[in-house]
Amino acid sequence: MIALVDCNSFFCSCERLFRPDLKNKPVVVLSNNDGCIISRTQEAKQLGLKMGGPYFEIKSFCRKYDVHVFSSNFSLYTNISDRVMSTLEKFSSLVEIYSVDEAFLDLSTCQNDLKVMGKKIKQTIDQEIGIPVGVGIAKTKALAKVANYLAKKSDEVVVLDNEEVVNDALKLVPIEDLWGVGRQNQIKMKALGIMTAYDFKNYDNEKHIQSVFTKTGLQLKKELEGISCFSLSKATPKKKSILSSRSFGQVVTSKEELKKSIAYHISLAAQSLRKQNSLCSQLYIFLRTSYYGKTEFHSKTTQINFSVPVDDTLFLIEQGMKAVDKIYQQNILYKKAGVGLEKIVDNDSYQLGLFDRPNNERKTLMNLMDQINNREGKFTLKSMACGVDNSLWKMKQDFKSPRYTTSWNDLYKLK
DNA sequence: TCTGGGGTCCTAGGACCC
DNA sequence: TCTGGGGTCCTAGGACCC
């Protein structure tokens with residue numbers, strides 16, 4: 001059996017940890033740039049605030065109903081997430097961290113009653129970390145997701161441990177709420193008369209499912225039948241692509257400013273590439289305007305391939321600057337820029353060209369830079385291409401809480 | 001004024017091979 | 001009159017997730 005443990009309103013719950021006065025009050029957390037809502041407490045949901053809703057539209061509403069608003073504080077959230085995950089490891093030797101606020105636990109060797117086990121997990125996380133979680137337990141990942149979905153509604157631990165219980169549960173899940181069914185597929189499902197997860201499980205034409213919803217769709221159906229198709233894995237696999245991008249706090253038109261932001265993103269992405277001991281053979285960059293602007297949407301992407309894979313920030317920046325020259329256009333109101341590193345390979349086994357020699361000096365320099373930046377903080381040592389003043393494209397964060405758990409300067413102060 | 005960021009997987013179709 | 005058959009590899013784009 002597999003448990004899915006998922007933190008309730010995770011980002012909001014993290015904020016509440018250090019603001020106990022916000023208990024039972026509506027709280028929301030905004031995306032980067034204070035753009036839109038990405039986490040809501042139950043109270044905020046009840047007020048009708050929507051996930052993904054733009055903040056500027058609900059600003060006065062929040063003031064009126066005393067909704068507490070936070071900018072996102074990811075260093076806090078990832079730190080709390082790490083604590084939750086390591087606590088979960090006490091309950092199973094196989095914990096798959098599925099996202100910042102969710103994990104699958106293998107409970108196949110669990111001797112106790114599963115419901116009791118689920119309650120124990122809830123209590124422990126609440127007591128040791130202070131974050132409320134929901135627990136759903138079932139035979140496959142997809143069914144554990146269903147169990148968790150129902151657990152959230154009742155605040156009980158839900159265990160789906162026999163056919164009848166599973167069927168009853170699946171009838172309660174509208175097809176659009178099923179894990180793996182998104183905006184497009186729910187339309188197709190409904191056209192086939194599939195309105196609930198139960199209908200999907202019992203749809204009897206597998207070939208048709210495969211052709212309409214691809215291999216993944218068929219796997220999902222089998223998972224609902226109790227046949228495991230998505231296995232649990234502990235190891236966090238290396239990333240196959242690494243992205244860094246950000247919307248600007250304001251519109252940017254200057255090529256020099258765009259170059260600085262691209263250099264900045266390349267620095268971040270390359271550092272994360274080196275962290276997982278990888279190299280990349282492709283760099284792509286993009287510049288685009290706002291989706292919502294008055295002028296027509298404009299977006300340009302370009303990519304550069306390297307015959308020998310690299311992880312050298314300075315080399316990548318050099319290439320990135322050329323790429324900006326290629327796609328930049330004057331009089332465009334740029335609102336977002338970003339880079340991606342692709343075709344990622346391990347740095348201990350890759351193909352050199354016949355006449356290529358690794359640049360060991362650069363390697364030493366990158367190592368040193370990473371060491372210093374890990375110790376002293378990001379961008380302590382950086383390429384001057386990133387510039388010294390990024391106020392023009394810096395993001396907006398008007399409601400950011402202190403980094404209580406990751407910065408000495410932000411430590412919680414007691415009288 | 002103002003709408004996020006970072007990922008994975010799958011498939012069709014093009015390019016190529018003999 | 002009339003022009004084969006069987007493959008592999010790669011990529012862009014679309015779907016999904018949080």
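Note on naming: letters A, B, ... go to the chains in the order of the sequence lines (proteins, then strands), and numbering restarts at 1 for each one.
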Handout entry: Nucleic acid contacts of residues 136-160 of chain A, taken as heavy-atom distances under 4.0 Å to DNA chain C
Key = A/Lys145
Problem - Short side-chain N/O contact from A/Ser290 to OP1 or OP2 of B/dC2, under 4.0 Å - result: no
Practice task
Using atom OH of A/Tyr292 as one end and atom C1' of B/dC2 as the other, report the distance to the nearest whole Å.
Solution key: 11 Å
Practice task
Identify which nucleotide among B/dG4, B/dG6, B/dT8 has an atom closest to any side-chain atom of A/Leu243, counting heavy atoms from C-beta outward.
Solution key: B/dG6
Polar atoms only, N or O, under 3.5 Å: list the protein pairs with nucleotides 9-13 of chain C and their distances.
unit_1	atom_1	unit_2	atom_2	d
C/dT11	OP1	A/Lys343	NZ	3.2
C/dA12	OP1	A/Gln303	NE2	3.3

Practice task
Pick base, sugar-phosphate or nothing for A/Gln250, based on heavy-atom distances below 4.0 Å to the nucleic acid.
Solution key: nothing
Practice task
Would you confirm whether the ring centroid of A/Tyr77 sits within less than 6.0 angstrom of the ring centroid of A/Phe74?
Solution key: yes
Handout entry: DNA chain C contacts made by residues 170-181 of chain A, counting heavy atoms under 4.0 Å
Key = A/Leu178, A/Trp179, A/Gly180, A/Val181
Exercise for the section: Enumerate the residues from residues 184-215 of chain A whose closest heavy atom to DNA chain C is under 4.0 Å, giving them by residue number; use none for an empty result. Expected result: A/Gln184, A/Asn185
Problem - DNA chain B contacts among residues 328-337 of chain A, heavy-atom distance under 4.0 Å - result: A/Lys335, A/Lys336
Problem - Atom pair distance, as rounded to whole Å: CG in A/Asp398 and P in B/dT1 - result: 16 Å
Handout entry: Rounded distance in Å - NZ (A/Lys59) to C1' (B/dT1)
Key = 8 Å
Handout entry: Watson-Crick and G-U pairing of DNA chain B, under 3.5 Å, as dot-bracket with | and [ ]
Key = ....||||||||||||||
Handout entry: Sorted by number, the residues of residues 50-57 of chain A with heavy-atom contact under 4.0 Å to DNA chain B
Key = A/Pro54, A/Phe56
Completion exercise
Those residues at least two apart in sequence (or on a different chain) that pass ring-ring contact (aromatic ring centres under 6.0 Å, His included) with A/Phe315 are A/Phe306
Exercise for the section: Give A/Asn33 one of three labels, base, sugar-phosphate or nothing, depending on what nucleic acid heavy atoms sit under 4.0 Å from its own. Expected result: nothing
Handout entry: Listed once per pair and sorted, the salt bridge (charged side-chain N to carboxylate O under 4.0 Å, His left out) pairs that draw on residues 140-151 of chain A, sequence neighbours left out
Key = A/Glu96-A/Lys141, A/Glu102-A/Lys145
Practice task
Report yes or no: do A/Asn79 and A/Thr406 form a side-chain donor-acceptor pair below 3.5 Å?
Solution key: no
Exercise for the section: Using a 4.0 Å heavy-atom cut-off across all strands, classify A/Ile242 as base, sugar-phosphate, or nothing. Expected result: sugar-phosphate
Practice task
Using a cut-off of strictly less than 4.0 Å, decide whether A/Arg183 has a side-chain nitrogen or oxygen near OP1 or OP2 of C/dG14.
Solution key: no
Practice task
In whole angstrom, give the distance that lies between atom CE of A/Met395 and atom P of B/dG5.
Solution key: 8 Å
Handout entry: Between C1' of B/dG6 and CZ of A/Phe11, the distance in whole Å
Key = 11 Å
Problem - A/Tyr264 OH to B/dG5 P, straight-line distance once rounded to whole Å - result: 11 Å
Exercise for the section: Let me know the distance between CZ of A/Phe286 and C1' of B/dG4, rounded to the nearest Å. Expected result: 11 Å
Practice task
Could you identify which residues of residues 216-235 of chain A place a heavy atom less than 4.0 Å from some atom of DNA chain B, listed by residue number, or say none?
Solution key: A/Thr216
Handout entry: Nearest-angstrom distance from the residue atom CZ of A/Arg40 to C1' of C/dC18
Key = 14 Å
Exercise for the section: Select base, sugar-phosphate, or nothing to describe what A/Lys396 touches, counting heavy atoms under 4.0 Å on all strands. Expected result: nothing
Handout entry: DNA chain C contacts among residues 65-101 of chain A, heavy-atom distance under 4.0 Å
Key = A/Tyr98, A/Ser99, A/Asp101
Problem - All ring-ring contact (aromatic ring centres under 6.0 Å, His included) counterparts of A/Phe379, not counting sequence neighbours - result: A/Tyr264
